[in-house]
Every structure is written in C-alpha cells, then in structure tokens.
Trainee: 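What follows is a structure written as structure tokens; I'll ask about it next.
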There are 2 protein chains.
Amino acid sequence: MKDKKETYDLIVETAYKMFAENGFDKTSLAMIAKGVGISKPAIYYYFDSKEKLIDFLFEEICKEIMIQSTITVDDLTVNNFEQFLLNFGFKMIEEQERDVYFNKIFNEYILLATRNDKYMTQLNKIQKSYFENFSMLMNYGVKIGVVNRDNVENKSNILVMVIDNIGNFILTGLELDYKGTWEEAVKSVLKGVRND
Amino acid sequence: MKDKKETYDLIVETAYKMFAENGFDKTSLAMIAKGVGISKPAIYYYFDSKEKLIDFLFEEICKEIMIQSTITVDDLTVNNFEQFLLNFGFKMIEEQERDVYFNKIFNEYILLATRNDKYMTQLNKIQKSYFENFSMLMNYGVKIGVVNRDNVENKSNILVMVIDNIGNFILTGLELDYKGTWEEAVKSVLKGVRND
DNA sequence: GTCTATAGTCTGATAGAC
DNA sequence: GTCTATCAGACTATAGAC
C-alpha cells in the first residue's frame, strides 16, 4: 500500500514534467516508465490508458488554477486597492518565471481543447471564473471609488489579457519588463476617477 | 510542369488545414495524401520529409505575419492616430475570427518552438518586429503629442499583449466584446496627455 | 505490484516499376 | 510524377508468470 502510493506519485510527477517538456505525443509511456524506474506495463496498473493519465493531470492542473485565481475582495480599501492588484500580477509573473513546466503543459492542454470538447468544457469553466474574478474585483473598485465606472467589463478584460499573455511571452524566452508592463496596465485602468 | 505546380499547391494547402485541425503529430502523411488524392510516396517527390513540409509552412506563415504586422507611420496625424490604432486592431480581430486555421497552426508552432531552437529563432524575430512596430508607433504618438511620454514602452507592450491574446481567446470559443476591449485598451493608453 | 514477452497497429521513409 | 509494395521502428495495450 505504501509502495503503491509512492510509485503512483512518481508516475504523476514524471509524466507532468515529460509531457511539459516533449508534449503528449512525443512522450511515450516507455519514456515515463524509464524515468520512474519501472517497466511500461506497470503504469497500466495505476492508469487504464495514456489518455486517462493525461486527463488526470489536466484535472489536477485545473484545480490548482482555480485556487490560484481566486480573489477575495473583503480586505480591499481605497488605500490598498492598487497595491493589491499590482501584487497579484507580480506574484503571477514570478510564479510563471519560476515554473516553466506549468505554462508549457497548460498550452498543450489548450491546443488539445481546440480539438476535443472534453477538455474545452473544462477550460471554458476556468476562463469564465478567471474573467468573473477580475470583473468582480473591478466592480468592487467602482463601488469604493477607485475605478471609473465606464466600460468596467472591458477594463477587467484588459487586465486578464495582459496578465495571461505575459505567461505566453515568458515561455518564448522574450525578456521584457513584464512587471513594468503590468504596473502600467493597472495604472491605465485605474486612471480617470472623478473624486466628486 | 503544370501538373507539378498544382499538386504541390494542393499538398501545401491540405497540409496547412490538416496540421491546424489535428496537430502535426496526429496528422500523418497518409492522411494528407488521401486528402490531396495521391499516394503517400508522391508527397516525397515534393518534400524530402514530413519535417521539411512543416518547416516550409512555418516560413510561409512567418512571411505573412511580417507583412500583416508592418505599420507605416507616414500618414498619421493628431486627428487620425486613435482611429488608425482602433482600425488596426479591429482588422486583426476580424481576420482572426474569420480564419480559424491560422491561429491554431501558429500555436502549434509556438509549442514546437519551445522545444526546438530552429523554430524559436524565427519566432523571436517575429515577436521582436511586432514589438518594435508598436513601439515605433507609440513613440511617434509621443512626438505628435497624442501619447503621454511616460512609460511609452510599457504602453506599447500592453497593446501588443492585448491584441495578441485576443486571438488566443477567440480560439477557445470564448465570446467576449473583443472590439470593445481593444477600444478601451487604446483609450487607456492614449489617456492623460497634457496639452500645454 | 511488477515483470517479460508479445500482439496488433500505425508511422515515416525507400525501392523500383511505369 | 505517380504508383504498388514493402521496410524497420515505435507506439499503445494486453497476457500471463512471479
């Protein structure tokens, strides 16, 4: 029982890294087995098929994203709103610069989703929650008077687009002032409030 | 000679669509041959290998992007600067909504590039020219007084990030007010000029 | 739980006739 | 130029011993 758990985790971790580095198609079960230090058929004891292994990893990743993208609005005030937004982005940028695997494998899943509704349904849920979180945040900003009420949804969309795409550009090795760009995006969006 | 040209073009067109729809690995030469209406070995008369075919399409796509992303600043004035930026984005959004193949296959190449320097070198050139074009445009905007000179590079980056990511979101079928978001991005970036 | 052995399928690529 | 025939190799997955 103890050994089962350990091998299982090793398969999951190794598959995660190898799928991220080589892609799903160019990562065979034989490669994963070799990486773990077991034989190929041993993987089938834990996962019914390669596809099931891919599906399992997708669900794990989705859960993680849902947790990370959650925003709680409770402690936000006029004084810390901008700093909160800035920190949220900075934290994401730092995480994406640190963990290359995550973005690579997630892009694999996005491409998979464009060809397979099973993944697209799940992906759309994540996107929706992402946009809703930022929308909620910006509307709260309007409420406390730090965001101009005009085109709130579009302002929210801009922030999502920028922070999401920073990850993609990091992936290509492009060295840009990402934090500066995020800061400018936040400031652009918060500009123009009438204090009357 | 005439027949050669026709078959050649058919292979290129069919491969383009099939690679976009199924991905490189899940599109075999047999499938392409069947789509064209020839036998598999016939493809080898035109392309030395599957990889060479993939490389050729990549170069074609790169050329097209380089042309489309080129911006000429000559006719821009204080009066038409904002409208030019808006139209540039609107045109890109419309094209991306129309041609689904282009974005799908380009994302394939981006993933390929993260695993193969041959493609990454080319991809980085495209990105560089893209950022430079927008940077040049924004600096021209500063010069004629429609863009605030503070953080010009970051403002330019925001526009690139937004317009680039709109394509990705269209790919996932997400229905958003893309044109409105672009409009808001342009206005956010152009805001705050001091007319003194 | 993990192994060896292997079935069955598909792949990219080549040889050689027409 | 295009074909039929065929290759070696890699793949997922399974059977059955231990």
Side-chain angles (χ1 to χ4, degrees), chain A residues 1-59 104-105 108-109 111-112 115-116 118-119, chain B residues 1-60 104-105 108-109 111-113 115-116 118-119:
Chain A
M1 199 55 127
K2 188 183 131 194
D3 286 281
K4 180 176 171 177
K5 182 75 179 147
E6 278 172 7
T7 306
Y8 182 84
D9 289 343
L10 263 176
I11 292 172
V12 171
E13 284 165 30
T14 309
Y16 176 81
K17 288 188 186 179
M18 286 191 167
F19 282 146
E21 291 208 314
N22 320 312
F24 298 128
D25 293 315
K26 292 241 152 58
T27 305
S28 69
L29 292 179
M31 288 163 68
I32 297 171
K34 201 179 173 186
V36 175
I38 56 174
S39 73
K40 189 168 56 170
I43 296 179
Y44 283 91
Y45 177 80
Y46 299 96
F47 295 94
D48 288 346
S49 64
K50 188 182 178 179
E51 197 185 350
K52 284 276 170 66
L53 175 55
I54 292 173
D55 291 0
F56 175 79
L57 283 172
F58 185 51
E59 279 172 35
K104 268 194 192 180
I105 200 169
E108 281 287 325
Y109 281 112
L111 264 177
L112 211 58
R115 290 154 190 152
N116 189 327
K118 179 174 66 178
Y119 302 100
Chain B
M1 202 53 129
K2 189 183 132 194
D3 286 280
K4 179 177 171 176
K5 182 77 180 146
E6 278 171 7
T7 305
Y8 182 84
D9 288 344
L10 263 176
I11 293 172
V12 171
E13 283 166 29
T14 309
Y16 176 81
K17 286 186 187 179
M18 285 191 168
F19 282 147
E21 291 208 314
N22 319 311
F24 298 127
D25 293 314
K26 292 241 153 57
T27 305
S28 68
L29 291 178
M31 289 165 67
I32 296 171
K34 201 179 173 185
V36 175
I38 55 174
S39 72
K40 188 168 61 170
I43 296 178
Y44 283 91
Y45 177 80
Y46 299 96
F47 294 95
D48 289 346
S49 65
K50 187 183 181 182
E51 197 186 349
K52 285 275 170 66
L53 175 55
I54 292 173
D55 291 359
F56 175 79
L57 284 171
F58 185 51
E59 279 172 36
E60 291 287 295
K104 267 193 191 179
I105 200 170
E108 281 287 325
Y109 281 112
L111 264 177
L112 211 57
R115 287 154 191 152
N116 188 328
K118 179 174 65 176
Y119 302 100

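Chain identifiers are assigned alphabetically (A, B, ...) following the order of the sequence lines, protein sequences preceding nucleic acid strands; residue numbering begins at 1 within each chain.
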Trainee: When all nucleic acid strands are considered with a 4.0 Å heavy-atom cut-off, which category describes Ser28(A): base, sugar-phosphate, or nothing?
Mentor: sugar-phosphate
Trainee: Roughly how many Å is it from CG in Asp25(A) to P in dG12(C), rounded to a whole number?
Mentor: 11 Å
Trainee: Examine distances only and state if a side-chain atom of Lys40(B) and a backbone atom of Ser28(B) form a donor-acceptor pair shorter than 3.5 Å.
Mentor: no
Trainee: In whole angstrom, what separates Phe47(A)'s CZ from dT2(C)'s P?
Mentor: 13 Å
Trainee: Does atom NZ of Lys118(A) have more than 12 heavy-atom neighbours, drawn from other residues, nucleotides or ligands, at distances under 6.0 Å?
Mentor: yes
Trainee: OP1, OP2 of dT2(D) versus side-chain N and O of Tyr46(B): anything below 4.0 Å?
Mentor: yes
Trainee: Among Ile105(A), Thr14(A), Asp25(A), which residue meets the side chain to side chain contact (heavy atoms under 4.5 Å, CB included) test with Phe19(A)?
Mentor: Ile105(A)
Trainee: Test your reading of the model: is there a side-chain donor-acceptor pair from Lys50(B) to the backbone of Phe24(B), 3.5 Å cut-off?
Mentor: yes
Trainee: Round to the nearest Å and state the distance from Lys34(A) atom NZ to dC3(C) atom C1'.
Mentor: 17 Å
Trainee: Strictly distance-based, threshold 3.5 Å: is any side-chain N or O of Tyr109(B) a donor or acceptor partner for the main-chain N or O of Phe58(B)?
Mentor: yes
Trainee: Of the listed nucleotides (dG1(D), dT12(D), dT2(C)), which one gets closest to any side-chain atom of Tyr45(A)?
Mentor: dT2(C)
Trainee: Return whichever of Met31(A) or Ser39(B) has its heavy-atom-nearest nucleotide of DNA chain D closer to the 5' end.
Mentor: Ser39(B)
Trainee: dA13(C) phosphate, OP1 or OP2: any side-chain N/O from Tyr44(B) under 4.0 angstrom?
Mentor: yes
Trainee: dA5(D), dA13(D), dT4(C): which one has an atom nearest the side-chain heavy atoms of Pro41(B)?
Mentor: dA5(D)
Trainee: Check the distance between dT2(D)'s P and Lys40(B)'s NZ and give it to me in whole angstrom.
Mentor: 17 Å
Trainee: Can you tell me the distance, in whole Å, between the CG atom of Leu53(A) and the P atom of dC11(D)?
Mentor: 15 Å
Trainee: Whole angstrom is fine here: how far is it from CD1 in Ile38(B) over to P in dT4(D)?
Mentor: 12 Å
Trainee: To the nearest angstrom, how far is Lys26(A) atom NZ from dG12(C) atom P?
Mentor: 10 Å
Trainee: Roughly how many Å is it from NZ in Lys52(B) to P in dG12(C), rounded to a whole number?
Mentor: 16 Å
Trainee: Between dT2(C), dC11(D), dC3(C), which nucleotide gets closest to the side-chain atoms of Thr7(A)?
Mentor: dT2(C)
